[in-house]
2 protein chains.
Amino acid sequence: MTATLQRRPAAGNKLDHILSCATRIFCEKGYEGASIRDLSRRSGVSLAGLYYYFESKEELLYLIQKHCFTTLLARLEEELGSAPRDPEARLRLLIRNHLGYFLQNPEAMKVLAHEADSLTPPYARQVADIKRSYYRICRSILDDLKRQRKLRRLNTRLAVMSLYGMMNWIYTWYKPRLDPDADALADHMSDLFLGGILAGASGSARWPRSRNGRRRALAA
Amino acid sequence: MTATLQRRPAAGNKLDHILSCATRIFCEKGYEGASIRDLSRRSGVSLAGLYYYFESKEELLYLIQKHCFTTLLARLEEELGSAPRDPEARLRLLIRNHLGYFLQNPEAMKVLAHEADSLTPPYARQVADIKRSYYRICRSILDDLKRQRKLRRLNTRLAVMSLYGMMNWIYTWYKPRLDPDADALADHMSDLFLGGILAGASGSARWPRSRNGRRRALAA
DNA sequence: GTTGGGATAGAACGAACGTTCGATAGCCTG
DNA sequence: CAGGCTATCGAACGTTCGTTCTATCCCAAC
């Protein structure tokens, strides 16, 4: 269950190669649909030889997810450390960081987003912990923004989830030759999200709601 | 490849039962991870008996996806038929329709969103056609809105994808006891999205963009 | 030059997979 | 009651799966 990375110091390069092949295969065929034999063919390592580097197929997915989320989180924390205190600026930075990493590693991105609950408890917990940290940073920025701008009616949980939905769904439609690059996309989504948060969720609604009378509770 | 539904007129009930069991199983274990033996156990039909009702596991997924997307699209077209011409109202209606159906059929929703490209060409094409119709309705509403409000800088493709991302990601986080119901959620996302579109994408930017100077093209 | 362990692979294991075969009920029609 | 059609099943087929067993190779240390 512990990371294979530490066990065999000299083997880092080859494990990295295997992990990158595995990422590509999981991306193409999904975790369940991918086979160790696929990985053997793609990586050039024999079927049995692979098991020198990891203990099971599931550990493979775990190592990929853990590495990516850890990197994503570390980059964000580093950037936020030397960033202004203004919540809007920090949120823009988070979005930029997220999309920057995702569009730079599109295959890993799909594996993170698509195989989010393919891991079983022993592995799943550790990944979930990192994800929770990442999620909480966004939520606390939004709580700050809510206080600063007095957005009484803002449900920050819904807002966070909506934002992550926008961002994580990208792997299903993004075409590098057709769509804007990561920075432009980050600006687009930042504007969309912040515009919506700041315009719609403050005091009175600026735009009419649904035409029928079913106005349920919107507040947090 | 043609729908099994028409071949055996009297068998509708049992096929429906099988499809609903299959939906639940695909939802729980994913398409690849689910086995026909799981379906046999859950539905109470013998392994061989199942194949009287469909031709392959893939046709099963196809039947589920086709039925759901067709229903979703039909409902939307019916509602839009007797709706006002105002693009904003029509967009709110689309969001309400989408979330209403999704939260009423959460297992099917996950199968639609998560197994979006588990089908291979013969089946995949037919589902893709229906999805394209559905997507185009949203896009044309947004094009109308863009014209009406003179939103020169709005990239409607990105906007549509962002909106669908927000909505389709719900299956990963929605908790019925914790989160607002479908109508309230639809209002929330409508406000967020419309607020963002109308505030951020018109003439000059109302809020500052990223702190560094990399201001790439945001326009369509 | 022997030795010992890290690194590798061929072959096999048992289990599970999607699918099919052949048989058997039940039932309507003639 | 004979014949055919619908609906169903137990058993099996051939394949692929994740994983492991065992043997080998290479190279540094003694």
Side-chain angles (χ1 to χ4, degrees), chain A residues 1-19 21-23 25-26 28-65 111 115 118-124, chain B residues 1 3-19 21-23 25-26 28-64 111 115 118-124:
Chain A
M1 180 158 43
T2 58
T4 318
L5 283 157
Q6 300 156 334
R7 284 207 306 267
R8 288 175 275 273
N13 285 343
K14 192 154 186 186
L15 178 58
D16 283 353
H17 171 242
I18 291 173
L19 287 177
C21 292
T23 302
I25 292 170
F26 287 161
E28 288 169 5
K29 318 180 74 164
Y31 171 69
E32 295 279 0
S35 80
I36 304 290
R37 283 164 178 86
D38 292 332
L39 179 58
S40 169
R41 270 187 294 273
R42 178 88 56 123
S43 65
V45 182
S46 74
L47 199 52
L50 286 170
Y51 279 86
Y52 182 75
Y53 292 95
F54 54 84
E55 299 192 338
S56 68
K57 186 186 178 188
E58 195 178 5
E59 195 199 29
L60 212 48
L61 179 59
Y62 162 74
L63 289 173
I64 293 169
Q65 294 203 347
V111 175
E115 314 295 346
S118 296
L119 292 175
T120 54
Y123 296 112
Chain B
M1 181 155 44
T4 318
L5 282 158
Q6 301 156 332
R7 281 207 308 266
R8 288 176 274 274
N13 285 341
K14 194 155 184 183
L15 178 58
D16 283 352
H17 171 241
I18 291 172
L19 287 177
C21 291
T23 302
I25 292 170
F26 287 159
E28 288 169 4
K29 319 179 76 166
Y31 171 69
E32 296 278 1
S35 79
I36 304 291
R37 283 165 177 84
D38 292 331
L39 179 57
S40 169
R41 269 187 294 274
R42 178 89 57 123
S43 65
V45 182
S46 75
L47 199 52
L50 286 170
Y51 279 85
Y52 182 75
Y53 291 95
F54 55 84
E55 299 192 336
S56 68
K57 186 187 177 187
E58 196 178 4
E59 195 199 29
L60 213 47
L61 179 59
Y62 162 73
L63 289 173
I64 292 168
V111 175
E115 313 297 345
S118 297
L119 291 175
T120 54
Y123 296 113

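Chain naming here is simple, since letters A, B, ... match the order of the sequence lines and numbering starts at 1 in each. This one's a predicted model, so the numbers in the text were calculated from it and none came from an experiment.
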Practice task
Could I get the full list of side-chain hydrogen bond (donor to acceptor under 3.5 Å, both in side chains) partners for Ser118(B), not counting sequence neighbours?
Solution key: Glu115(B)
Set out, line by line, the N/O atom pairs under 3.5 Å between protein and nucleotides 22-27 of chain D.
none

Exercise for the section: Would you kindly give the CG-to-P distance between Leu60(A) and dG18(D), to the nearest whole Å? Expected result: 11 Å
Completion exercise
Lys57(B) NZ to dC17(C) P, in whole Å, measures 9 Å
Problem - Nucleotide nearest Tyr53(A) (side chain, heavy atoms from C-beta), chosen from dA7(D), dT8(C), dC17(C) - result: dT8(C)
Problem - Nucleotide dG18(C), atom C1' - distance to CD1 of Ile25(B) in whole Å - result: 15 Å
Problem - Residue met sooner reading DNA chain C from 5', once Arg37(A) and Leu50(A) are mapped to nucleotides - result: Leu50(A)
Handout entry: Spacing of Ile18(A) atom CD1 relative to dA7(C) atom C1', expressed in whole Å
Key = 11 Å
Problem - Per Ser46(A) side chain, nearest of listed nucleotides dA9(C), dC17(D), dA7(D) - result: dA9(C)
Completion exercise
Quick note, salt bridge (charged side-chain N to carboxylate O under 4.0 Å, His left out) partners involving residues 44-54 of chain A, not counting sequence neighbours, are none
Exercise for the section: Can you tell me which residue pairs pass the salt bridge (charged side-chain N to carboxylate O under 4.0 Å, His left out) test with a partner in residues 45-54 of chain B, sequence neighbours excluded? Expected result: none
Practice task
In whole angstrom, give the distance that lies between atom CG of Leu39(A) and atom P of dT16(D).
Solution key: 18 Å
Problem - Whole angstrom value for the distance that separates C1' of dT8(D) from OH of Tyr52(B) - result: 9 Å
Practice task
Indicate for each nucleotide in nucleotides 20-26 of chain C, in 5' to 3' sequence, whether protein heavy atoms under 4.0 Å reach the base (B), only the sugar-phosphate (S), or nothing (-).
Solution key: BB-----
Exercise for the section: Give the minimum heavy-atom separation between Ser56(B) and Tyr123(B), together with the two atoms involved. Expected result: OG-OH, 3.8 Å
Completion exercise
Residues passing the side-chain contact (heavy atoms from CB on, under 4.5 Å) test with Glu32(A), sequence neighbours excluded, are Glu32(B)
Completion exercise
Those residues at least two apart in sequence (or on a different chain) that pass side-chain hydrogen bond (donor to acceptor under 3.5 Å, both in side chains) with Arg41(A) are Asp38(A)
Completion exercise
Residues passing the side-chain hydrogen bond (donor to acceptor under 3.5 Å, both in side chains) test with Arg42(A), sequence neighbours excluded, are Glu28(A)
Fill in the blank from the handout: So salt bridge (charged side-chain N to carboxylate O under 4.0 Å, His left out) across residues 45-54 of chain B, not counting sequence neighbours, yields none
Problem - Phosphate OP1/OP2 of dT16(D) contacted by Ser35(A) side-chain N/O (<4.0 Å) - result: no
Problem - Nearest-angstrom distance from the residue atom CD1 of Ile36(A) to C1' of dA9(C) - result: 16 Å
Practice task
Measure from NE2 on His17(A) to P on dT8(C) and round the result to the nearest Å.
Solution key: 12 Å
